[in-house]
Amino acid sequence: MTTAKPIPAVSFTTARTGASAKANEMGMRPMQERAYAKRGEQYLLIKSPPASGKSRALMFIALDKLHSQGLKQAIIVVPEKSIGGSFADEPLSKFGFWSDWTVKPQWNLCNAPGPDEERVDPSKVRAVGQFLASDDKVLVCTHATFRFAVDQLGVEAFDDRLIAVDEFHHVSANPDNRLGSQLADFMKRDKAHIVAMTGSYFRGDANPVLMPEDEAKFETVTYTYYEQLNGYEHLKTLNIGYFFYTGRYLSAIEAVLDPARKTIVHIPSVNSRESTADKIKEVEHIMHCLGEWLGADPETGFHRVKATDGRIIKIADLVDDSDQARRSKVVTALKDPAHKNDRDHVDIIIALGMAKEGFDWIWCEHALTVGYRSSLTEIIQIIGRATRDAPGKDSATFTNLIAEPDATEAAVVDAINDTLKAIAASLLMEQVLAPRFNFTPKDHGPIKDFDYVGGYTPGETNVGVNEATGQLHFEIGGLVEPKSPEAARVCREDLNEVITAFVQDKTALERGMFDEETVPEELTQVRMGKIVRDKYPDMTPEDQEAIRQHAIAALNLTQKAKELASGVDSSQGEAKANTALLDGVRRFAMDVRDLDIDLIDRINPFEAAYAVLAKSMNEATLKQVQSVISAKRTTLSPEEAKDYAARAVRFRRERNRAPSIDAADEWEKKLAEGAAAFMRYDREGRYG
């Protein structure tokens, strides 16, 4: 028998201030106004959630660059043809701007027939050259077309032009990433302007989007999920949850698929362990679960299914690609601007590789994904499909349906990796949704525009809240402050990128969740310390430590605040009613009035996640995995021993004594063991 077990969702409750939708006298919403204020920058990076208006922000900026900054043309580059519609003509003057946005039909290459991804289309590459030689102002094309055009024409052909790259997370500093290499060449030549836009600045692999020296050239505009969601008019709650199931997903999906909610279902890849290897029959089964099939609408291609309550459900099938004419009809119907604001146009969309980034269906209330997705970026983009604000839509949910590993399987540990990765995605989304942190050492003093919980009291841990921006000010004893401008930028802008690398660290996840002998500092100091050193190898040890402390503080304070806000008892894994995360921060601030970095380092970042997992997963599976993970413990490597020894030196400097191998404190014992291992390796000549 197939069963599905829910993991309590991450829940974000908004204030519904309406600020996100309010436009100024030029027709700009808050994020767009913030980006437009930076329109004079040659290199601009916009980090902003889905539905915050990045496409229109680019229109405002591009028009100014064309009319007031001397640039000849603007080239808009999108990852796939379907996203090109986001840059169609817009009557901006109708809303107060001084010009309209227009793209001549022949220069929107996303509307031209032909391949759209990795294969070269000579006619489109030729069209880019013809556009550059013309007096026209705007061209829209795919990443692939742009890459081939640059290869053929050279970077110098794009001098004095704006290159706007949408979904910028597709770029990578890896030399094998052609678009990333080309952008580096453009920046080296320094004759073009670049605007980069992304709703998810996480690649989910070891390669950064940009090399640090190139990213430092960009002026960054950040608009957070917190600001975006809190400023909605209609959407009140966003829930992120996971369902474990045993048996076949096609049976389990009935427990989580609600035909009354507007839903995008992403079925698993045909190569995944969840798949039945027959994607067409999977779609047919899902439709059968929903009711009686009545045929397809001849105009839209949508399937019509009669539910048990008599309602006719309209389903768009984006999985079946055997009939390209039918598929094209469905895609065209979904993109039809005449139905963008029509809630009744379609009810459920079933997809495999489509309907992710850039897919604009404001009515989506539930993003249901079967199987683990290998990329955190992909998960965040899928969640973004459900976060649009729309009248009558007061809640949205992302559900990941995951196969629970069988404790009798020999490969149980390999199977649990999907679960660990799903938890990593959950931790990251909690961080993305959290208010932004501003950390300073104790007695820093109050910051303007922050209201302090219980008032500002010198000598105590003070916590300030800026309701308008969603920023929090935490004073932390013993906090190391960044010294260099780049380290300060990382602490201000990029902590989530550091946390992304940490929560994806397999060793940290395994030990933090399943190894009872792991001391929290092994994770917060050693593993996080290594990640920071690897990510920023050219920084001073002091700046590396500052970044480490700021990142672990942001992660652990979010976890503790979430635990309080959601009523999760970490020892029992029980969830009560969810309230706003900000409420949890306030409660935590009142409970802890003497917060220092040592206390933060003693929090296991995965403790709350394990508590939920233990309540939701089969006990035998958990015990078997825990046993195997514990057995995998190995002796310290020379690199790890060196790190422990360095922290032992700091321990001795702070306490005027060396850490003791007989200490009652487990972390002190680990430091002593690490220092001893370091000396042994040193005697053996392991450090050269």
Do the side chain of Arg261 and the main chain of Glu365 share a donor and acceptor less than 3.5 angstrom apart? yes

Distance check, rounded to the nearest 0.5 Å: Arg436 atom CZ versus Leu495 atom CG? 9.0 Å

Quick one: does Leu368's side chain get under 4.5 Å of Ile253's, heavy atoms only? yes

Any salt bridge between Asp320 and Arg327, counting N to O under 4.0 Å? no

Leu401 vs Thr369, test: side chain to side chain contact (heavy atoms under 4.5 Å, CB included). Steps then yes/no. CA-CA 6 Å; Leu401 194 61; Thr369 298; over 6 Å; no

Looking only at side-chain N and O atoms, does Thr224 offer a donor or acceptor that is under 3.5 Å from a partner on Glu227? yes

Just checking, any donor-acceptor pair under 3.5 angstrom between side chains of Thr558 and Gln431? yes

Can you tell me if His288 has over 12 outside heavy atoms packed within less than 6.0 Å of its NE2? no

Minimum heavy-atom separation for Val330 and Gly301, please, with both atom names. CG2-O, 3.7 Å

Using modelled atom types only, decide if a donor and an acceptor are shared between the side chain of Arg311 and the backbone of Pro259 within a distance under 3.5 Å. yes

Is the shortest side-chain N to carboxylate O distance from Asp494 to Lys47 below 4.0 Å? yes

Do the side chain of Arg16 and the main chain of His234 share a donor and acceptor less than 3.5 angstrom apart? yes

Trp363 and Asn341 have their tightest heavy-atom pair at CZ2-O, 3.3 Å

Flag, side chain of Ser328 to backbone of Gln324, donor-acceptor distance under 3.5 Å: no

State, with a plain yes or no, whether a side-chain heavy atom of Asn239 is found less than 4.5 Å away from one of Phe398. no

So, does Lys54 use its side chain to make a donor-acceptor pair with the main chain of Pro49 at under 3.5 Å? yes

Between CD1 on residue Ile350 and NZ on residue Lys279, distance to nearest 0.5 Å: 13.5 Å

Heavy-atom closest pair (Leu509 atom, Ala424 atom, distance to 0.1 Å) is CD1-CB, 4.2 Å

Closest contact, heavy atoms only, Asn556 versus Pro605: OD1-CA, 3.2 Å

Kindly assign one of parallel, tilted or perpendicular to the pair His345 and Phe302, based on the angle between their ring planes and the thresholds 30° and 60°. perpendicular

Under 4.0 Å between a Lys/Arg side-chain N and an Asp/Glu carboxylate O for Glu516 and Arg511? no

Identify the heavy atoms of Val265 and Ile348 that sit nearest to each other, and give their distance. CG2-CG2, 4.4 Å

Could you tell me if Glu607 and Gln559 have a donor-acceptor pair between their side chains, going purely by distance under 3.5 Å? no

Phe606-Phe514 aromatic ring centre distance below 6.0 Å: no

Which distance, rounded to the nearest 0.5 Å, do you find between the CG of Asp321 and the CG of Asp323? 10.0 Å

Backbone N/O of Gly384 and side chain of Arg388: donor-acceptor pair under 3.5 Å: yes

Verify, without hydrogens or angle tests, whether Lys393 (side chain) and Thr387 (backbone) share a donor-acceptor contact under 3.5 angstrom. no

Decide yes or no on side chain to side chain contact (heavy atoms under 4.5 Å, CB included) for Asp258 and Thr263, but give the supporting numbers first. CA-CA 8 Å; Asp258 182 353; Thr263 303; 5.9 Å; no

Does this structure show an ion pair linking Arg527 with Asp505, if we count only N-O contacts that are shorter than 4.0 Å? yes

Hey, does Cys110 have a side-chain heavy atom less than 4.5 Å from the side chain of Ile83? no

Would you say the side-chain atoms of Glu282 pair up with the backbone N or O of Thr276, donor to acceptor, closer than 3.5 Å? yes

dist Ser20:OG -> Leu229:CG (nearest 0.5 Å) comes out at 7.5 Å

Could you tell me if the side chain of Leu334 sits less than 4.5 Å from the side chain of Leu318, heavy atoms only? yes

Side chains of Leu557 and Lys560: does their closest heavy-atom pair fall under 4.5 Å? no

Before you tell me yes or no, could you show the steps for Gln228 and Tyr223 under side chain to side chain contact (heavy atoms under 4.5 Å, CB included), namely the whole-Å CA-CA distance, both residues' side-chain angles and the distance that decides it to 0.1 Å? CA-CA 7 Å; Gln228 171 75 359; Tyr223 192 68; 3.1 Å; yes

Salt bridge present between Asp297 and Lys329 (N-O < 4.0 angstrom): no

Mind checking the CG-CG spacing from Asn496 to Leu428? Nearest 0.5 Å is all I need. 6.5 Å

Donor-acceptor check, side chain of Asp389 to backbone of Tyr232, threshold 3.5 angstrom: yes or no? no

Step by step, work out the side chain to side chain contact (heavy atoms under 4.5 Å, CB included) result for Arg304 and Ile313. CA-CA 6 Å; Arg304 298 170 69 251; Ile313 303 172; over 6 Å; no

Side chain of Lys314, backbone of Asp344: donor and acceptor closer than 3.5 Å? yes

So how far is it from Ile552 CD1 to Leu523 CG, rounded to the nearest 0.5 Å? 8.0 Å

Heavy-atom closest pair, residues Ala386 and Ala396: O-CB, 3.1 Å

Can a salt bridge be assigned to the pair Lys340 and Asp360 using a cut-off of 4.0 Å between side-chain N and carboxylate O? yes

For the residue pair His303 and Trp293, categorise the inter-ring angle as parallel (less than 30°), tilted (30 to 60°) or perpendicular (more than 60°). tilted

